[in-house]
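See structure below.
Residue indices begin at 1 and follow the sequence shown. Quick caveat, the model's predicted, so the values are computed rather than measured. Ligands are counted one by one from 1 in listed order, and the atoms in each one are counted from 1 as well. Side chains are part of it too, since the values below use all heavy atoms of this structure and drop only hydrogens, waters and symmetry mates.
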Amino acid sequence: MRLRRATCVTCYWHAGSFVAHPYSGGTPTALHPVAAEILSAFDDWIEPAKAAELLDHLTPETIAESVDALTSAGLLLAEESPEAARDEQIAGQWETWAPEASFFHYATQDGHYPTEEELAACEADSAQWDTPPPALFTDYPDAPRVLLPRRPGDLRVPYDQVLYERRTHRDFTPDPVPLATLAVLLATTFGPVDFIDCGHGALFRRTSPAGGARQELDAYLAIRNVSGVEPGTYHYNVHEHALELRSPGLTAEEAAHLCADQAWAGDAAFLVVLSAVLDRMSCKYRNPRCYRVCLLNAGHLAQTFALTATALGLGPAQTGAFHDTPLAERCGLDNIGHTPLYVLAAGWPHPDPRRAPPPARLSTFIRTALRR
Ligand SMILES: Cc1cc2nc3c(=O)[nH]c(=O)nc-3n(C[C@H](O)[C@H](O)[C@H](O)COP(=O)(O)O)c2cc1C
């Protein structure tokens with residue numbers, strides 16, 4: 001029977017071991033690094049005996065044992081097996097984004113979810129709580145700060161109006177956004193609504209749902225055009241309802257450049273960088289799948305931001321395209337424990353937008369496959 005190395009395999013060193021991880025199925029397996037050479041002899045369908053000829057510096061016993069182990073780990077697949085078909089299909093489907101995205105997607109699938117009993121045992125295991133959890137709030141006590149006004153904003157706009165009027169805006173007027181408007185937007189989106197007892201202390205809840213209520217996402221602002229606030233990058237301190245200066249100055253060119261050279265980002269009055277404090281999530285949720293939850297949480301906050309900005313008359317926008325390293329640097333983030341995930345933006349919407357997409361017309365639909 002001919003065998004082939006699984007196409008969907010990522011190899012790495014972890015905790016001192018060389019691991020081959022077949023992510024279309026199979027088991028991540030610690031191997032001797034020589035196994036990589038054996039695997040590469042199976043680049044294409046081949047009889048194990050023929051592969052052994054290519055590996056003539058290894059003993060037949062070593063090769064036979066390795067082939068058995070690699071096959072049961074799902075690293076070598078049998079020709080015409082359902083596993084081989086699935087591996088090929090996944091490799092084909094994910095080709096554009098492989099290996100980074102496909103590995104993350106499949107390697108974090110179908111994990112073990114703790115039972116009620118396991119969760120209770122874990123809660124009772126005081127050793128887990130020996131290291132104090134990270135602080136509930138991020139703050140920079142020595143930073144110069146702007147205490148924000150606390151006047152409640154008028155958000156009594158009909159729900160359907162907000163929902164249907166929300167659009168991504170890429171054209172803004174040069175009018176500054178009043179500080180009071182920014183303050184309402186920040187408090188509504190990121191401020192605590194209430195506090196709960198999680199058994200090991202308090203957590204807070206926001207207007208958006210958040211996996212485990214860990215609130216690992218902080219808001220950093222790159223402000224260019226807000227009345228009463230010098231241009232610069234700031235951290236929104238949700239505890240104090242204040243802006244803490246991270247670094248002074250910001251030009252439209254720099255704001256645009258940070259957002260992957262998108263000119264509209266330079267025209268926005270301010271950007272909001274959603275940045276994850278990873279320990280807040282990982283100290284409780286140790287499964288790597290929980291990184292997905294951080295990304296999902298960012299999406300929830302972004303939607304609340306967009307709807308609230310719309311209700312306040314602002315034009316919201318968002319981008320997944322940004323230069324991570326300089327953006328983190330500009331916000332004073334180490335990009336290790338505190339790392340940017342998503343960039344939001346807003347300003348006053350331009351009455352005559354140039355960058356808004358035109359509506360689809362008959363000629364557009366003619367060029368569109370509406371069904372298979
Ligand atoms: C996660 C995400 C990333 C986006 N990234 C960009 C971007 O990099 N540049 C951009 O101009 N628009 C970006 N957008 C805006 C989308 O293009 C926009 O939402 C889409 O065209 C639908 O229009 P609407 O938001 O007005 O409904 C992004 C939207 C989302 C949700």
Protein heavy atom at shortest distance from [atom]:
| atom | answer |
| --- | --- |
| atom 31 (C) of ligand 1 | Y342 OH, 3.4 Å |
| atom 3 (C) of ligand 1 | G320 N, 3.6 Å |
| atom 25 (O) of ligand 1 | T168 OG1, 2.5 Å |
| atom 13 (C) of ligand 1 | Q318 O, 3.3 Å |
| atom 8 (O) of ligand 1 | T319 OG1, 2.6 Å |

Between [X] and [Y], is the gap from one ring center to the other below 6.0 Å?
| X | Y | result |
| --- | --- | --- |
| F137 | F204 | yes |
| H235 | Y140 | yes |
| H105 | W97 | no |
| W264 | F172 | no |

Exercise. Using protein heavy atoms only, decide if any is under 4.0 Å from atom 22 (C) of ligand 1.
Key: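 Under 4.0 Å from atom 22 (C) of ligand 1, zero protein heavy atoms found.
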Quiz item: If we only count heavy atoms from C-beta on, is the L333 to T339 side-chain gap below 4.5 Å?
Solution: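 They are not in side-chain contact.
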Quiz item: Counting from 1, what ligand 1 atoms have a heavy atom of R167 closer than 4.0 Å?
Solution: 24 (P), 26 (O), 27 (O)
Quiz item: Of the choices Q262, R166, R355, R170, which has the non-hydrogen atom that lies closest to atom 17 (O) of ligand 1?
Solution: R170
Quiz item: Going by atom types only, do T233 and S247 share a side-chain donor-acceptor pair under 3.5 Å?
Solution: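 S247 and T233 do have a side-chain donor-acceptor pair below 3.5 Å.
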